[in-house]
Trainee: 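First the structure, which I've put down as structure tokens, then a few questions once you've had a look.
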Amino acid sequence: MKLSETPRPIARRDVMRLLGLAGASALLPAGQAWAQARGATLVIGIDISDTITLDPVRQAQYTPPMTLAATYDPLMTLEPGDYIEPKPALATAWSRTPDGKGWRFTLREGVKFASGAPLTAEDVQFTFERLIRMKEQTQQYLKAVDRCEIVDAKTIDLVMNDPDAPLLNILCAPSFGITEKKLVMQHGGSMAADAKDADKATDWLNQNSAGTGPYRLARWERNQQIQLVRNPNHWRGAPAYERVVIRHFSDSAAQLLAIRRGDIQAAFNLIPEQIATLKDEAQVRTERLPSLDFVYMALTQNPEFNRALGQKACRQAIGYAIDYDGIIGNMLGGAALRPAHFLPIGVNGSTETVAREIGFKQDLDRARKLLQEGGFAEGFEFEIAYGNAAVAGVSYQLLAQKIQADLGRVGIRARLAPMDQVNLRTTFTTGRSQGGVLTFWNPPAAENELWAAAVVERVARRVHWPVPPEMTALVKRAAQETDKAKAAALWVEWQRGVVDQANHFILFQPIYQIAVRNTVKRFPLTAAGWQLEIGQTAPA
């Protein structure tokens, strides 16, 4: 429907249809309908099927960080374009503790939660103690932190078991946004030693936020939408939009139609061909930014699951059979890079030159020879599992079909197994994937140790790779090396080792291409792990 130039009362269902907010009438007081229809609401279209929780401690997926970064503030943050030097957020200063065993943070004065309650040192302590004791994946990022201690009303210490381990960039992740202690505890939160079993706050946090961010969570309907409302108490000042609606679109064609019609103001999952069709659209522009994300395929090496995949030569044959250039050129329109392994191009030790030198590239003759060496000259069969979702404008289904066709050229038969994102993650993280898994990695912060440690710890367990001690030691040496050139050499050495191991194949590192209507003036993308600074968006 179109609104006339003269304001008039409109039916609630018409407002719902205009904004795509079916079922959201409780959030739209009658007096606000006209204002929202004219642009007080930012509507984003994106595939959010992987959003399975909005509890910061429990999240470990691709799209939730965008919402979490809008609803929670961490101690520090990374500004768009600078992924090396953290900037102040809830902490205004930080330094080593007097004994050198941790980091001391000075908290910002005058900060309030969305509830109106003031931020205190107790809130910060609760946040970190809950995170540490719940022992979720997010705790692995902070494995070098033992505890959080209160120094005074505006000062806290993070006491470390490994004082030389990297920390500051990691703390910029939305997973480490500070939560309101009283509010979370009222809804079942716990920082006790048994918090892993005792904490019951996740259900409440899936529908409400307890942060200081520019927005607060008003509603989440899985595979439908996420609704955010302005936090008038935000310490940076109230954000420009009154509301933000993140609408789920599993189909890029539907996103394209919606952005053209003005039903949404931004479309995140358009394929290159669809982006190209918008070049003559006067009301739509394309925002581009190289990401630090990547999409990869993991392979088990458990011979009980698949005898061929238990042979390194057979896994390497898969690596040499994949047409990486075809994926990037034909499926992504060239809007991607490809690193050698779990260090995206642009961080220390990972360049396009390094990737070309040590990464896999398609070589079908070499793949066939490796199959002979592995004892499977006639090829073998294995399963590729993936979620019913899209990433960087490409569905996992199409990506799997492309890989299936590539592998077929050397006699490797890939059996495709699409599944719900929740089931995929559960199967993969518990090490029960029978063959390959197509999935993603997006960084909580630009810190090499996060990527590398994930490989030799969590992801290695998922693929049943018993990591040699020297490989784990190499990660620690590289992470603690203060000379950047020496650290880069160590990271290249590490990449050579994991490429040879052939449990993971990086398929591409996308360049974000987001279609944005010109009714949005400011739309700051970031590669820091949460894609968009929602709190800094502004209408024209």
Side-chain angles (χ1 to χ4, degrees), residues 56-60 65 74-78 83-86 89-91 93-106 121 124-151 155-179 191 193 195-196 292 342-343 347-349 441 443-461 467 469-484 486-487 490-491 494 528-529:
V57 169
R58 295 189 187 275
Q59 97 75 26
L75 294 176
M76 301 175 294
T77 190
L78 292 172
Y83 310 115
I84 304 301
E85 297 296 333
L90 295 187
W94 48 89
S95 61
R96 283 289 190 176
T97 53
D99 61 6
K101 295 182 179 180
W103 285 90
R104 176 162 292 176
F105 298 87
T106 302
V124 180
Q125 182 188 52
F126 170 79
T127 298
F128 284 104
E129 292 297 313
R130 177 177 183 253
L131 183 148
I132 291 169
R133 293 171 182 179
M134 284 179 67
K135 297 180 173 61
E136 295 287 335
Q137 181 169 315
T138 47
Q139 186 269 333
Q140 292 298 307
Y141 301 144
L142 289 185
K143 60 184 182 298
V145 176
D146 267 344
R147 61 190 182 277
C148 179
E149 294 182 347
I150 296 175
V151 178
T155 312
I156 63 97
D157 286 348
L158 292 181
V159 181
M160 303 177 70
N161 54 56
D162 184 358
D164 294 325
L167 177 66
L168 299 184
N169 278 31
I170 298 173
L171 291 176
C172 298
S175 294
F176 308 120
I178 304 306
T179 54
M191 57 180 281
K196 182 172 180 62
L292 296 179
F342 266 47
L343 290 182
V347 301
N348 194 27
W441 176 269
E447 173 53 62
N448 284 22
E449 194 266 350
L450 286 183
W451 290 287
V455 174
V456 299
E457 295 172 1
R458 300 187 306 279
V459 187
R461 290 195 299 270
V467 181
E470 58 269 23
M471 183 64 78
T472 303
L474 178 58
V475 170
K476 187 171 184 178
R477 284 171 54 210
Q480 295 182 354
E481 177 56 63
T482 57
D483 183 292
K484 288 188 177 180
K486 292 180 180 178
L490 291 172
W491 288 124
W494 176 78

Trainee: Measuring only between side-chain heavy atoms, which start at C-beta, is I156 closer than 4.5 Å to Q125?
Mentor: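 No, too far: nothing below the 4.5 Å cut-off.
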
Trainee: Residues two or more places apart in sequence or in another chain: which of them pass side-chain hydrogen bond (donor to acceptor under 3.5 Å, both in side chains) with N348?
Mentor: none

Trainee: Below 4.5 Å, heavy atoms only, C-beta onward: do I178 and F126 meet side chain to side chain?
Mentor: no

Trainee: If you compare all heavy atoms of P74 against all heavy atoms of A89, which two are closest, and at what distance to 0.1 Å?
Mentor: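 Heavy-atom minimum between the residues: O-CB, 3.2 Å.
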
Trainee: Heavy atoms, side chains only, cut-off 4.5 Å: are L75 and W103 in contact?
Mentor: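 Answer no - side chains too far apart.
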
Trainee: Quick one: side-chain hydrogen bond (donor to acceptor under 3.5 Å, both in side chains) partners of E481, sequence neighbours excluded?
Mentor: none

Trainee: Measuring only between side-chain heavy atoms, which start at C-beta, is C172 closer than 4.5 Å to E447?
Mentor: no

Trainee: Could I get the full list of ring-ring contact (aromatic ring centres under 6.0 Å, His included) partners for W494, not counting sequence neighbours?
Mentor: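 Partners of W494 under the ring-ring contact (aromatic ring centres under 6.0 Å, His included) test: H341.
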
Trainee: State, to 0.1 Å, how close P174 and P65 come at their nearest heavy-atom pair, and which atoms those are.
Mentor: CG-O, 3.8 Å

Trainee: If I take atom CG from residue D162 and atom NZ from residue K101, how far apart are they, to the nearest 0.5 angstrom?
Mentor: 12.5 Å

Trainee: From I170 CD1 over to T138 OG1, what is the distance, rounded to the nearest 0.5 angstrom?
Mentor: 12.0 Å

Trainee: Distance check, rounded to the nearest 0.5 Å: R458 atom CZ versus Y141 atom OH?
Mentor: 5.0 Å

Trainee: Working to the nearest 0.5 angstrom, can you tell me the gap between C148 SG and R130 CZ?
Mentor: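 Atom-to-atom, C148:SG and R130:CZ are 14.5 Å apart.
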
Trainee: Of the non-hydrogen atoms in F105 and M76, which two are nearest, and what is the gap between them?
Mentor: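 Smallest interatomic distance, heavy atoms only, reads CE2-CE, 4.1 Å.
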
Trainee: So do L90 and V124 actually touch side chain to side chain, heavy atoms under 4.5 Å?
Mentor: no

Trainee: Would you say the side chain of V159 lies within less than 4.5 Å of the side chain of T97, judging by non-hydrogen atoms?
Mentor: no

Trainee: Please enumerate all residues that pass side chain to side chain contact (heavy atoms under 4.5 Å, CB included) together with E457, with sequence neighbours excluded.
Mentor: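 For E457, the residues satisfying side chain to side chain contact (heavy atoms under 4.5 Å, CB included) (neighbours in sequence not counted) are Q140, K143, A453, R461.
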
Trainee: Working to the nearest 0.5 angstrom, can you tell me the gap between T77 OG1 and L171 CG?
Mentor: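 One finds 11.5 Å between OG1 of T77 and CG of L171.
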
Trainee: Once salt bridge (charged side-chain N to carboxylate O under 4.0 Å, His left out) is applied, do any residues pair with R133, and if so which ones, sequence neighbours excluded?
Mentor: E129

Trainee: What is the distance from atom CG of L78 to atom CD1 of I84, rounded to the nearest 0.5 Å?
Mentor: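 Interatomic distance, L78 CG to I84 CD1, rounded to 0.5 Å: 8.5 Å.
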
Trainee: Short question: side chain of N169, backbone of Y83 - any donor-acceptor pair under 3.5 Å?
Mentor: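 Judged by distance alone, yes, a pair lies under 3.5 Å.
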
Trainee: Which label fits W441 and F342: parallel for a plane angle under 30°, tilted from 30 to 60°, or perpendicular past 60°?
Mentor: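 Rings of W441 and F342: tilted, as their planes differ by 30° to 60°.
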
Trainee: Do F176 and L142 touch side chain to side chain, with heavy atoms closer than 4.5 Å?
Mentor: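 Yes, at least one pair of side-chain atoms sits under 4.5 Å.
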
Trainee: Taking only residues two or more places apart in sequence, or in another chain, which ones meet D164 in a salt bridge (charged side-chain N to carboxylate O under 4.0 Å, His left out)?
Mentor: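 Salt bridge (charged side-chain N to carboxylate O under 4.0 Å, His left out) list for D164, sorted by chain: empty.
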
